[in-house]
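Reminder, nothing fancy here: chain letters follow the sequence lines and each chain counts from 1. Computed from heavy atoms alone, side chains included, the values below leave out hydrogens, waters and symmetry copies.
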There are 2 protein chains.
Amino acid sequence: MANRMDWTADTGGLETVARATLQEQIYQQLRNRIMSGFFKPGQALSMRSVAEAVGVSVMPVRDALRRLEVENALVVGHNRALEVPKLDAETLMEISDMRIALEGLAVERAIPAIDEADLEHLRGHFTDMSESIVSDDTDGYLAANWAFHSHIYRRAGAGILISVIESLWLRMGPYFRLTAEDYRHLDNAMIIHHDIVGALEMGDAAAARAGIIADIEAATRDLKYWLNSNDGHEAAQ
Amino acid sequence: MANRMDWTADTGGLETVARATLQEQIYQQLRNRIMSGFFKPGQALSMRSVAEAVGVSVMPVRDALRRLEVENALVVGHNRALEVPKLDAETLMEISDMRIALEGLAVERAIPAIDEADLEHLRGHFTDMSESIVSDDTDGYLAANWAFHSHIYRRAGAGILISVIESLWLRMGPYFRLTAEDYRHLDNAMIIHHDIVGALEMGDAAAARAGIIADIEAATRDLKYWLNSNDGHEAAQ
DNA sequence: TGGTGATATGTGTGATCACACTTGGAGTCA
DNA sequence: TGACTCCAAGTGTGATCACACATATCACCA
């Protein structure tokens with residue numbers, strides 16, 4: 001007789017359905033938009049406005065926004081509403097220092113775990129970045145860049161390190177797009193990423209770390225230049 | 001005529017009153033207890049149980065627990081209830097690596113800002129640690145130890161760095177007490193902290209960083225030894 | 001003209017309720 | 001004795017409502 005065991009054995013190809021809670025879905029949606037620079041710095045995200053926008057009550061929105069607040073991806077604004085944080089030069093340097101320390105650590109820890117399959121993935125992300133540049137696809141470039149880095153860091157072990165790194169990228173997210181639209185910088189970035197892949201192929205931890213640091217320092221330099229050029233940058237004021 | 005300006009000018013000594021929300025109070029209370037090792041690893045903290053314990057509804061508890069969850073200070077347990085995370089050797093090494101990277105960075109950034117008043121505070125915390133040892137006051141020792149370190153890190157600049165460092169201590173908190181009760185380790189810890197103060201007095205960034213790293217490595221070594229001795233450590237199972 | 005006060009709007013906070021889901025164990029039947 | 005079914009307890013999730021507080025606007029009065 002066909003009991004439960006037999007039935008489940010026949011379903012090996014099925015994937016586990018994603019039963020994400022509303023709060024989780026809203027969180028991921030907001031997170032992606034912040035990371036990709038969809039929201040302008042200073043833009044307010046109140047519970048009721050977001051709730052109405054996505055068509056749910058304030059409860060799941062409340063949880064999602066609180067999560068982002070704890071991650072420093074949102075900060076309390078002048079009238080208590082949460083808003084996308086603006087970046088000043090001081091905070092930029094703090095985040096840059098933390099990125100160098102943590103992403104340098106992550107790539108060193110990842111080196112022993114990187115295999116040929118990982119390298120193939122990284123070359124794919126590298127190609128995506130190149131193609132995004134020639135097709136003038138900023139969104140695609142940012143996504144491929146994050147895919148490239150996060151793939152390395154995920155090989156570094158457990159989740160605390162990468163979750164902190166992600167929160168730092170989240171904080172920089174609203175500004176990445178601004179500098180990525182200047183294509184002079186991207187040529188240099190592609191050279192750096194090429195070197196990183198080379199270092200990983202050789203298993204050279206020092207070179208890989210140096211490549212990651214060079215990438216972060218270049219991004220920080222570009223962003224600092226942008227901040228000076230657009231002093232105050234009253235976006236979405 | 002006595003207008004508002006005059007009145008406010010007379011109140012220079014007043015401190016801003018702390019109008020903490022319930023959620024904030026519960027969060028701080030839980031946080032302190034986790035940090036000081038009040039809860040055993042594996043202990044469950046469900047919304048309703050905490051709400052009943054503090055005499056409020058589940059709403060503020062819900063927010064407080066979610067904050068702690070995002071900070072990795074609590075994790076979801078086997079029956080969806082949040083619980084104090086247990087530490088395995090792998091996670092311990094990950095946190096240790098992150099602490100070395102971030103606390104080393106923090107002390108280097110702090111060096112230029114440390115003045116004589118800071119040194120006086122640090123000597124006071126050092127004295128508190130010594131006295132706590134002789135009076136067999138583990139709670140006092142842990143509090144003074146955190147006060148010592150956090151005073152240094154707070155001189156490192158803005159808040160993102162220290163908030164991440166705090167979350168790492170929070171994750172280790174439930175275990176600090178266990179190793180601190182072995183007084184053989186504390187003699188060594190006092191020597192290290194003495195050296196750190198000396199390095200800060202000299203403004204020697206490299207020595208200060210080395211001292212912080214030595215402290216972290218010693219704590220990690222002790223904890224790793226404890227984990228091996230109490231394999232599985234089925235506390236509050 | 002300039003300060004004052006009422007008010008409307010928007011904000012997060014917290015309580016209460018209903019619901020879906022998971023887990024564990026008692027009870028039942030083969 | 002063993003496997004199965006069912007039910008009770010416990011869990012987080014989400015909706016709805018009421019409230020306190022902050023801000024901006026505008027009418028009003030000296």
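One atom, CG of B:L65, and another, C1' of C:dG14, lie 15 Å apart when rounded to the nearest Å. Spacing between atom CZ of B:R66 and atom P of D:dT11 amounts to 16 Å, rounded to whole angstrom units. The CZ atom of B:R80 sits 13 Å away from the P atom of C:dA20 (whole-angstrom rounding). One can place CG of B:D63 at 12 Å from P of D:dT13, the figure rounded to the nearest angstrom. Spacing between atom CD of B:Q23 and atom P of C:dG12 amounts to 13 Å, rounded to whole angstrom units. Residue A:R67 contributes atom CZ, which lies 20 Å from atom C1' of C:dG12 at whole-angstrom precision. B:L74 places its CG atom 14 Å from the C1' atom of D:dG12, with the value rounded to the nearest Å. We find that CD of B:E52 is positioned 15 Å from C1' of D:dT11, with the value rounded to whole Å.
Atom CG of A:L178 sits about 9.0 Å away from atom CG of A:L227, to the nearest 0.5 Å. Distance check, rounded to the nearest 0.5 Å: CG of B:D97 to OG1 of B:T220 gives 8.5 Å.
Between B:M47 and B:M59, the residue whose closest nucleotide on DNA chain D is further toward the 5' end is B:M47. Where B:V58 and B:N79 meet DNA chain D, the nucleotide closest to each residue was compared, and B:N79 sits on the side nearer the 5' end.
The side chain of B:A81 lies closest to D:dT11 when the candidates are C:dG14, D:dG14, D:dT11.
Within a 6.0 Å radius of NE2 in A:H121, no more than 12 heavy atoms belonging to other residues, nucleotides or ligands are found.
In this structure, A:W226 and A:Y175 have perpendicular ring planes: the angle between them is above 60°, well past the 30° mark.
The side chain of B:S46 places no N or O atom within less than 4.0 Å of a non-bridging phosphate oxygen (OP1 or OP2) of D:dG10.
Contact annotation: side chain of A:R48 to base of C:dG12, donor-acceptor pair present below 3.5 Å. The base of C:dG14 sits with one of its N or O atoms less than 3.5 Å from a complementary donor or acceptor on the side chain of A:R62.
Between the side chains of A:E24 and A:Q28, at least one donor-acceptor pair of N or O atoms lies under 3.5 Å.
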